[in-house]
Every structure is written in structure tokens, then in C-alpha cells.
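Working notes, structure below.
Hydrogens, waters and symmetry mates play no part in the numbers below; they use all other heavy atoms, side chains included. Labels below follow one simple rule: chain letters A, B, ... track the order of the sequence lines, proteins then strands, and each chain is numbered from 1.
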Amino acid sequence: MSLAKQYDAKSVEKKWYDYWMDHDYFSSTPDQRDPFTIVIPPPNVTGVLHMGHMLNLTIQDILIRRARTKGMNACWVPGTDHASIATEAKVVKKLREAGIKKSDLSREEFLKHAWEWKENYGGIILDQIKKLGASCDWNRTSFTMDETRSKAVTKAFIDLYNKGVLYRGKRMVNWDPEARTVLSNEEVIYKEEKGKLYHLKYFTEDKSAHLVIATTRPETLLGDTAVAIHPDDERYASFRGKKVIVPLVNRPVPVIQDSYVDIEFGTGALKVTPAHDPNDYDLGKKHQLEVIEIFEEDGSISPDGQLYIGKDRFKVRKEIVADLEEAGLLEKIEDYDHNIGRSERTNAVIEPRLSLQWYVNMKDISKKALEAVETDTVEFFPKKMKNTYRHWMANIRDWCISRQLWWGHRIPAYYVGESVYVGESKEEAYKKALVDHPELTMDQLIQDEDALDTWFSSWLWPISVFDGFENEHDINYYYPTSVLVTGWDIIFLWVARMIIAGYEWKNEFPFKHVYFTGMVRDKKRRKMSKSLGNSPDALALIENFGADGVRFGMLSCSPAGGDLLFDEKLCEQGRNFSNKIWNALRLVDGWEVDHNAVQPIENELAIDWMFSLTNQILEKVDTDFNSYKLSEALISLYSYVWTDFCSWYLEMIKPAYQTPIDPITVEKTKELFRYICTMLHPFMPFITEEVWQQVKGQESIDCILSQYPEVDVYDPQILKDVEFIKEITSGLRDLRNKNNIKPKELLHLYVQQDDVTEDLIKDPRKKALLSKMAFLADVSISSDAVENSISFIAGKSKFFIQHESEKDPKELLEEKQKELEYQRGFVASVEKKLANERFVNNAPSAVVNKEKQKLEDGMSRIKILEESIKELSAKL
RNA sequence: GAGUCAUUAGCUCAGUUGGUUUAGAGCGCUGCCUUGACAGGGCAGAGGUCACUGGUUCGAGUCCAGUAUGACUCACCA
């Protein structure tokens with residue numbers, strides 16, 4: 001049965017994924033082999049597959065599949081995280097669309113809806129991951145809120161609490177008024193935005209004088225409890241120790257002096273709102289100022305604000321400006337660009353807010369984690385990420401882990417008044433509480449309303465996916481894992497914390513290597529985002545170019561850590577590559593084998609050459625993998641398969657049209673195909689499995705489990721020899737091109753006599769190969785000039801054919817003269833080096849000899865060019 | 001404001017401890033090619049003062065200093 005002209009990725013990919021699954025090839029259990037383990041960076045359960053995931057997953061699959069063919073016990077654990085804010089937001093939105101308000105539901109009712117939502121949509125991304133060909137051990141699929149993972153979270157919390165690492169404190173936090181929860185610094189995005197600077201008048205109590213304060217947030221004056229000036233600022237000397245009146249609310253507040261105030265900025269006078277600005281909070285503490293909280297959780301004004309009660313902060317800003325103007329207390333408004341922090345999830349402007357939260361004291365528990373990276377115990381790729389990591393870890397702040405959400409792990413802390421009791425269950429906490437409060441009833445023990453930050457479960461991931469807090473069996477075998485593949489944007493949120501957790505609970509790092517991928521951007525270097533609409537539909541890409549094509553496209557342009565400018569063309573290139581391999585297979589598949597045919601001698605050489613080259617590539621790919629240069633490895637394989645194997649090798653051994661081929665050549669060629677399939681399999685698993693099945697011969701094993709070849713010794717001389725034959729062939733093709741000689745018209749090639757050409761002519765294998773590739777009737781050495789000839793140079797030797805040049809001799813002469821100039825420049829630079837005594841004396845002899853060889857070859861080329869020019873000039 | 005990194009062909013990038021015939025690849029571009037694996041193809045070609053200025057060295061795209069431009073991270077002053 002003949003093969004289809006074009007490769008059909010769609011049917012092939014489904015067929016083999018099902019086949020692999022049916023044979024349980026992805027699943028792993030501990031055995032005597034070395035483990036190679038990766039835990040997936042869990043995508044949000046709300047997520048759909050996007051470009052970042054595809055890059056990330058492709059890389060992980062490449063590493064896993066390669067390890068598998070190298071005989072290791074490869075285990076890739078998939079899963080998702082519960083993404084508390086994102087998921088809760090989605091559920092709230094869905095409920096709202098159905099006419100249900102979250103505030104009308106009890107916690108239990110809401111969670112029922114949330115779980116329902118998770119059951120319906122949570123598996124989507126996992127199915128999409130399968131389409132990409134990911135060879136995850138699906139039996140191990142985990143979810144941060146499933147039973148095992150939840151237990152781990154509770155255990156970790158209690159353990160830290162007992163060690164005294166957790167504490168509860170009132171702090172100024174980043175408050176998201178839309179999600180009504182606290183955010184970590186990492187979840188706030190600062191960006192320059194256009195704003196205004198409002199200049200407001202604060203009068204003294206007797207109204208005799210006023211000072212002017214510049215502020216971007218006039219509405220916060222409702223919470224002002226002081227005005228600050230610099231002690232050295234003589235402009236405000238008369239206000240020292242006095243009180244001024246806060247506009248509109250008419251509250252007298254002290255004028256305090258503090259060197260924190262920047263004399264140069266604005267008017268040099270600062271209004272102080274301790275409840276709603278981190279710096280003001282510190283000032284307030286220092287000067288023992290009153291703290292007035294004027295905002296509700298949703299950003300509206302609270303009764304303590306006195307005015308505008310219940311109105312939203314931005315509405316109030318407009319109104320208060322109008323009211324101030326009317327009262328004559330507004331001096332002027334200036335345009336002013338400043339940084340505004342917004343919630344990464346809801347885009348709401350962050351409101352600094354005082355709040356009682358749970359914190360992890362990071363100082364001590366992060367020490368080992370910093371050291372591990374400093375000493376490369378945990379190695380980062382690319383290395384430069386160490387700097388970023390060090391900077392953050394050295395200045396680490398305490399981690400606020402409580403979130404005012406329902407979807408997530410509820411904090412296992414219970415209160416009796418001010419006393420705190422933690423426990424895996426309410427019963428356990430109750431027992432502890434009874435010690436202090438013998439009269440306590442169960443109902444009087446109140447559990448914390450808040451849930452834990454999602455990262456508080458993610459940081460346990462490399463341990464919890466193996467049930468590492470409860471069960472030794474798997475964790476002892478798989479932990480520490482081999483490599484973590486993730487984006488650099490979550491180096492603090494996730495990577496650093498996992499390393500900390502690893503040392504905290506396993507006393508060992510969670511992964512040996514961390515490979516940071518770049519950001520996927522569009523051609524214009526913009527980040528791919530939903531709002532810009534510049535992100536291609538991942539599944540549509542797979543549909544159009546095949547998973548192999550997309551994997552190729554993602555990889556071929558993604559240096560570690562570097563940004564990746566995604567272009568659909570790259571996937572197209574990948575698809576075309578599949579097609580190329582497919583058609584190479586078709587060629588070989590179509591050959592008629594004559595079992596009595598003798599192998600032509602040029603095939604012998606071609607095969608020797610191709611095997612040598614294969615070993616060279618194997619070596620190169622190994623080196624690239626060791627330093628995670630995956631895209632370089634792929635590019636090497638691409639050019640090895642396309643250029644060397646298809647364009648040269650197959651042409652070398654191809655029998656004449658409708659002529660049968662000898663069995664040895666076919667067998668060797670199939671063997672080469674198998675090498676190609678195994679080497680390329682990690683990158684393009686489907687096409688390689690498909691082709692493998694056609695060429696596997698006696699091998700009963702499938703490509704996915706085929707043994708990765710070891711590098712064998714090879715003869716570099718054979719690579720040089722064939723390189724020379726290729727150079728002559730290309731030179732002659734160019735000559736044909738320029739002189740309108742048909743590509744396949746047989747020619748007689750004359751060769752200038754020297755050591756290299758003599759070797760070429762005398763070796764029948766080389767001569768035969770050259771003749772076949774260059775379409776030669778004959779090759780002969782000629783010391784005499786041949787009449788009416790045109791020539792070219794390959795290496796350092798002259799080659800020519802008897803043919804009247806069709807080119808304008810003048811043009812030809814110019815071309816040769818240009819070339820001569822180049823060669824003279826080249827020779828001059830080499831001569832300069834060799835004339836330098838210090839070079840000849842100091843440089844290693846190998847380098848000096850190389851230079852001498854360069855000089856000799858250059859001189860030889862100059863001589864040939866000079867002769868040609870002389871001949872050409874004579875004709876003019 | 002502090003720090004990190006980058007600057008090589010029209011575009012995107014390689015270039016491993018300084019020495020690989022005065023720099024490589026892919027895409028794009030130009031010319032030619034179609035019965036025979038593949039137009040999702042073949043053959044060939046053009047295209048670069050390695051950002052700039054100095055320095056170290058026998059030798060610098062590669063090391064050092066400065067300049068310019070850009071990107072990112074962290075911290076943020078009303």
C-alpha cells in the first residue's frame with residue numbers, strides 16, 4: 001500500500017496518543033531504575049490552554065520523553081491548582097448572571113456552587129494538555145484542594161504555628177476592594193497613570209493663616225489626623241506646634257515635624273492619613289496619631305468618614321473636589337503622572353488598608369533556600385536568574401497568607417476571644433481550648449473566616465503530590481525531583497517558596513534544576529493577553545499544524561529565559577518538517593529491493609559518512625541538553641534531518657529512476673531512520689512514532705520506549721572528505737546555474753593537480769560519489785589549461801569544464817577581481833599574524849599551524865584567481 | 001530611585017574557558033527549476049565596520065572601563 005502524498009497529523013496524533021495510553025506507557029511506579037521526575041506547575045483550574053502553557057508543557061514533555069528513552073523511570077505528575085481569587089471571581093460572576101448574590105449565600109452553599117463549577121470546567125485544561133501529546137502519568141493527577149493536598153496544607157499550617165513561625169498581626173495590606181480580599185505585593189501591578197495633584201488649603205484654628213498641601217487623593221482627607229512638615233523648612237516655621245483645620249470635616253489636627261517629608265516635593269507639606277497609606281501609618285505610629293478608618297471593605301466611605309458615607313471612593317473624589325472649590329479651599333489642580341497599583345486579577349485600584357492577617361515569618365525559614373541556590377545545589381537555567389533570586393531572598397518580607405475568600409483552604413485556627421487554637425479539626429482545637437477554658441462549649445469556639453493564599457498549597461506541591469506528609473513510599477523514591485520548568489514571573493510567588501518548603505519539611509531541595517522559560521510575546525513584542533486579543537487559540541493551532549508542528553514552533557525560537565516572539569509561521573515550519581520526514585519515508589518505502597543487487601561503492605561512502613555525522617549530532621544534542629539548550633538541539637536535528645539526510649544522503653544513495661536498490665543500502669537507511677526517530681521523538685513524538693512503526697524491522701519495541709543511542713567513535717576525516725565533495729558539487733551547480741547548463745546534463749570535470757584532488761580522483765568511492773552528485777561524465781586531472789573553459793574554486797583547488805561562457809566577460813572579470821580582493825585581504829591578515837614574532841612564539845603551535853595552512857590555501861586561491869583574470873583579460 | 005540583563009544580516013536569534021579559512025542559522029529577499037519522495041518542494045545567490053569610544057592581549061564579537069539606546073526586576077514621595 002502506498003503512503004499518502006501529504007502527512008496527516010490529525011489522525012496520526014489521535015491514534016498514537018490512544019495507543020500509548022492503552023499500553024500505560026506514561027504511568028510510573030517506583031522500581032530499581034533511576035527516577036526522572038517532574039511535577040507540573042499546576043495551571044489554574046479555571047484556565048484554558050494558552051501559549052505560555054504550551055511552551056512550558058512542551059519543554060517538560062521533551063525532558064520526560066528523552067529520559068524515558070534513556071532508560072530512566074520517567075514520572076511526570078499533572079494537576080491543577082484551585083486559584084482562589086480567580087475561581088471565586090468566576091463563580092461569583094456566574095452566580096450573578098443567574099441572579100444570585102454571593103452575600104445571599106452561606107459559606108456552605110457558595111462552596112457547593114464552586115465545587116460544581118470545578119467539576120464541570122476544571123478538567124478542560126487537562127484534556128487540552130493531552131492534545132499536545134503530554135506524556136503525564138494521569139493516574140497521579142492532583143488538585144490542590146483534593147483530600148490529600150488539603151491535609152498537607154493543614155499539617156503545614158499547624159506545624160509552622162507550633163514552631164512559632166506563624167503570627168497574626170494588624171498590618172497595612174494591599175486591599176482589593178472589588179474582590180474584597182488582601183493581595184500580596186506580587187499580585188499588585190504598578191503602572192504609571194495620569195492623575196491630578198490637588199492643592200488644598202489647611203487653615204490655622206484662628207483662620208489667620210493657611211498652608212497648602214498637594215495630594216493625589218483628596219478624598220482621604222476625611223481620615224487626616226495630622227499635617228507634616230520638615231523640621232528644617234523655614235517656610236512653615238510659624239506653623240510649628242500649632243494645629244490646622246482639616247477642610248470640610250473641620251477637624252483640628254496637629255502640625256507635626258518629621259524629616260521624612262521631602263521639602264522639594266509638592267508644597268513641602270504633607271497631609272497624614274494613618275489608616276490609608278503605609279508611610280502615613282508609620283508616621284502615625286511614631287507621632288502617636290489617631291487612626292481613622294474611612295473606607296469600608298468595598299471602597300465606600302464608612303460612617304467614621306463623617307461625609308459622603310456609603311459613596312464609592314472615586315465618586316467621592318469628584319464630589320469632594322467640587323465641594324472644596326466651592327468652599328474656597330482648593331488652590332489649584334495640576335496634571336500629575338504617578339504609579340498606581342492595581343490588582344492583577346480584578347484590575348481594581350489597590351487600597352492600602354489596615355487589617356488583621358496571618359503571616360509567615362520568613363526570615364529564618366528562608367536561609368537554607370537562599371544558600372541552596374547560591375551554591376548551585378539547586379541550579380538555575382539560565383544562571384542570571386540567581387541574581388534576581390538572591391535580591392528577593394536577602395530582602396525577604398513576611399508572607400501574608402490569609403485571604404478573605406471562601407474558595408480555598410479555610411484557616412485551621414479557632415478563637416475564643418483573643419485566644420487562638422489550631423488543630424486539624426475543630427474537635428482537636430476544642431480539646432486544646434478546654435485546657436484554658438474548662439467551661440467552653442463547642443459553639444463558642446469560632447473558626448477563622450478566612451482562607452489561605454493559594455500559594456500556601458502550591459509551595460507544598462513537590463511534596464504533596466507524592467503524599468509526602470503521610471506516606472514514605474513514593475516520596476522517598478521520587479523526591480527530590482529532577483527539574484522544575486516554569487516561567488520566571490513566578491520565581492518568588494512559587495519557586496522560592498517551594499525551595500523553602502522543601503527544606504522545611506523534607507530537609508532537602510525539591511528539585512535539582514530549575515529551567516525558566518521566557519514569556520511568549522507576539523511579533524511586536526507585546527505580551528500575549530486576553531485584553532489585547534493577540535493570543536492565538538492554542539487548540540486551533542494544534543488543529544492546523546498538528547501537535548508536532550506546534551511543539552516545533554514553540555521550541556525552535558525559545559532560548560531559556562529569553563522572550564519568545566511567537567509567529568504562526570514557526571508552527572507552519574514545524575508542520576512542513578513533519579511532511580518532509582514523511583516524504584523521505586515515502587521515498588524509501590517506494591523502492592523496489594533487488595536482493596541480488598550489489599551495493600554501489602558510492603553508497604558505502606555515503607553510509608559511512610551519514611553514520612559519522614549521526615554520531616557527531618548525537619554528541620552535539622547531548623551537550624545541548626546538558627545545558628538545557630533545547631531549541632539549539634532541535635535546530636541541529638532539523639538541519640541534520642532536512643539538509644544532511646534528505647537533501648544530501650538520500651540523493652547520494654537514490655537509485656536511478658525505476659531501478660531497484662540493493663538490500664544493504666536499504667537496511668542501513670532504515671537504521672538511520674530509526675536513529676532519527678529516537679533522537680527527534682522528544683520534540684515531535686507523533687510523526688516519529690508513525691515513521692518508526694514503518695521502519696522498525698525486527699525491533700518489537702515502540703518508538704516512545706526505543707533506546708536512545710550512545711555516541712560511538714567516528715572518523716572526522718570522512719566528514720571532511722564528503723564536505724569537500726559537497727563543496728565541489730555546489731560549485732558546479734552554481735556554474736551550471738550561471739551558464740544555463742541543465743542540472744542533469746553530464747559534464748566532464750577537469751581538476752587542477754594537487755594533493756587534495758589527487759586523493760579525490762584516486763579513491764574510487766569518492767570519485768564515484770562526486771560523479772553521481774555532480775552529474776559528471778568523467779573527472780580527470782589536467783595540468784594544462786583547457787580551451788574555452790570556465791572555472792570555479794573549491795577548497796584551495798581549481799575546477800573547470802569545457803564550455804563557452806555565456807556571461808559577459810567583463811562582468812565575470814569584475815566578479816573574479818572582487819573575489820581576488822577578498823582573498824588578498826584575507827591573506828594579508830594572516831600574514832600580519834604570522835609576521836608577528838610574539839604570536840609565533842607565544843601562541844600554541846596548533847594555532848600557528850592552522851594560520852600557516854590558512855595562508856597556504858589563500859595563496860593557492862590567489863594564484864588561481866590571478867590566472868583566470870589573466871585569461872579573461874586576454875580575451876577582452 | 002536601586003539593581004540585573006541586553007545591543008551581531010531586513011526580522012528573530014546562535015556564537016560554549018579569547019585562536020574553527022576576516023562571523024552562523026531560520027524566516028524574509030533575488031534568480032533558476034515541475035512527469036519520478038516532498039511547491040507544505042529542489043538548486044543557487046545577495047545581504048553584517050558584531051551599538052559607540054577607549055583599554056588589556058601576540059590575537060577581541062568574546063575580557064575590562066566609559067558612553068548611548070532598550071528591556072526587565074525591586075522599591076516608591078504626598
Side-chain angles (χ1 to χ4, degrees), chain A residues 3 5-7 185 190 197 213-217 220 228 260-262 264-273 277-280 336 338-339 341 382 384-385 387-388 391-392 395 488-489 491-492 519 523 525 549 556-557 559 561-565 567 569-570 572-573 575-591 623 627 629 631-632 635-636 638-639 646-647 650-651 654 656-658 730 733-738 740 742-743 795-796 822-823 825-830 832-833 836-844 846-848 850-851 853-855 857-858 861:
Chain A
L3 302 169
K5 191 172 169 183
Q6 288 194 340
Y7 174 67
N185 286 342
Y190 289 93
L197 204 51
I213 282 164
T215 178
T216 53
R217 301 198 58 194
T220 60
Y260 162 76
V261 179
D262 181 351
E264 304 292 318
F265 189 88
T267 62
L270 170 70
K271 67 195 241 356
V272 184
T273 323
D277 181 284
N279 297 304
D280 290 9
Y336 180 63
H338 62 144
N339 276 337
K384 62 181 178 191
M385 295 311 297
N387 293 326
T388 315
H391 185 255
W392 191 78
N395 300 289
W488 49 258
D489 52 328
I491 181 170
F492 309 133
M519 289 287 109
K523 272 187 280 185
R525 244 175 224 290
S556 61
C557 61
D563 283 351
L564 177 159
L565 275 57
D567 186 342
K569 271 215 168 109
L570 296 164
E572 193 182 324
Q573 206 186 334
R575 181 197 62 184
N576 294 352
F577 187 33
S578 296
N579 196 51
K580 184 74 185 179
I581 299 168
W582 179 249
N583 275 289
L585 174 70
R586 276 184 71 209
L587 173 69
V588 176
D589 185 67
W591 284 336
T623 313
S627 47
K629 290 182 179 168
S631 97
E632 271 195 57
I635 287 164
S636 299
Y638 175 79
S639 98
C646 294
S647 299
L650 289 178
E651 293 301 329
K654 198 186 215 172
Y657 185 51
Q658 288 188 331
S730 292
R733 281 172 183 166
D734 188 31
L735 211 68
R736 289 176 191 266
N737 234 334
K738 285 179 177 150
N740 279 320
K742 289 228 153 47
K796 58 166 184 177
Y822 175 87
Q823 291 297 343
F826 168 68
V827 163
S829 80
V830 179
K832 201 176 132 203
K833 259 191 212 179
N836 188 329
E837 266 180 50
R838 283 195 286 180
F839 169 67
V840 179
N841 295 335
N842 294 335
V847 174
V848 177
K850 184 113 208 167
E851 291 302 317
Q853 186 64 50
K854 274 157 81 172
L855 182 66
D857 292 355
R861 282 193 296 265

With rounding to whole Å, what would you report as the distance between [N] and [M] at their [atom1] atoms?
N      : M      : atom1 : value
B:rG26 : B:rG61 : P     : 24 Å
B:rU20 : B:rA60 : P     : 12 Å
B:rC52 : B:rA68 : C1'   : 7 Å
B:rA14 : B:rU7  : C1'   : 15 Å
B:rG10 : B:rU21 : C1'   : 28 Å
B:rU34 : B:rG15 : C1'   : 38 Å
B:rC29 : B:rA71 : C1'   : 29 Å
B:rG18 : B:rG59 : C1'   : 8 Å

With distance as the sole test, does [X] use its side chain to make a donor-acceptor pair with the main-chain N or O of [Y] at under 3.5 Å?
X      : Y      : result
A:R736 : A:K742 : yes
A:N579 : A:Y7   : yes
A:D734 : A:S730 : no

Please work out if [X] contacts a base, only the sugar-phosphate, or nothing of the nucleic acid, heavy-atom cut-off 4.0 Å.
X      : answer
A:G590 : nothing
A:S578 : nothing
A:L270 : base
A:D262 : base
A:Q573 : sugar-phosphate
A:K5   : sugar-phosphate
A:R861 : base
A:S639 : nothing
A:K850 : sugar-phosphate
A:R575 : base
A:Y822 : base
A:Q823 : nothing
A:D280 : nothing
A:S829 : nothing

Nucleotide nearest [X] (side chain, heavy atoms from C-beta), chosen from [options]:
X      : options                : value
A:F492 : B:rC74, B:rA37, B:rA44 : B:rC74
A:N737 : B:rU12, B:rC76, B:rC43 : B:rC43
A:T215 : B:rU12, B:rA39, B:rA78 : B:rA78
A:N185 : B:rG40, B:rA75, B:rA78 : B:rA75
A:N387 : B:rA44, B:rC5, B:rC38  : B:rC5
A:A843 : B:rU73, B:rG19, B:rU12 : B:rG19
A:F826 : B:rU21, B:rA44, B:rG41 : B:rU21
A:N279 : B:rG36, B:rC76, B:rA37 : B:rC76
A:N842 : B:rA78, B:rC58, B:rG15 : B:rC58
A:N836 : B:rA78, B:rG19, B:rC58 : B:rC58

Which of parallel (below 30°), tilted (30 to 60°) and perpendicular (above 60°) describes A:F577 and A:Y638? perpendicular
Strictly by Watson-Crick or wobble contacts shorter than 3.5 Å, is anything paired with [N], and which nucleotide is it?
N      : value
B:rA78 : none
B:rA51 : B:rU67
B:rG61 : none
B:rG3  : B:rC72
B:rG28 : none
B:rG41 : B:rC33
B:rU17 : none

Is it true that A:E572 and A:K569 make a salt bridge, defined as a side-chain N closer than 4.0 Å to a carboxylate O? no
In whole Å, I'd like the distance from the [atom1] atom of [X] to the [atom2] atom of [N].
X      : N      : atom1 : atom2 : answer
A:L650 : B:rA37 : CG    : P     : 10 Å
A:K833 : B:rA60 : NZ    : P     : 9 Å
A:D489 : B:rU4  : CG    : P     : 22 Å
A:Q658 : B:rU35 : CD    : P     : 15 Å
A:R733 : B:rA44 : CZ    : P     : 5 Å
A:L570 : B:rG40 : CG    : C1'   : 15 Å

Quick one about A:R838 and A:N841 (side-chain donor to acceptor, distance below 3.5 Å, no hydrogens or angles considered), yes or no? no
Measure distances between side-chain N and O atoms of [X] and base N and O atoms of [N], and say whether any donor-acceptor pair falls under 3.5 Å.
X      : N      : answer
A:K384 : B:rC5  : no
A:N339 : B:rC76 : yes
A:R838 : B:rU57 : no
A:Q6   : B:rG40 : yes

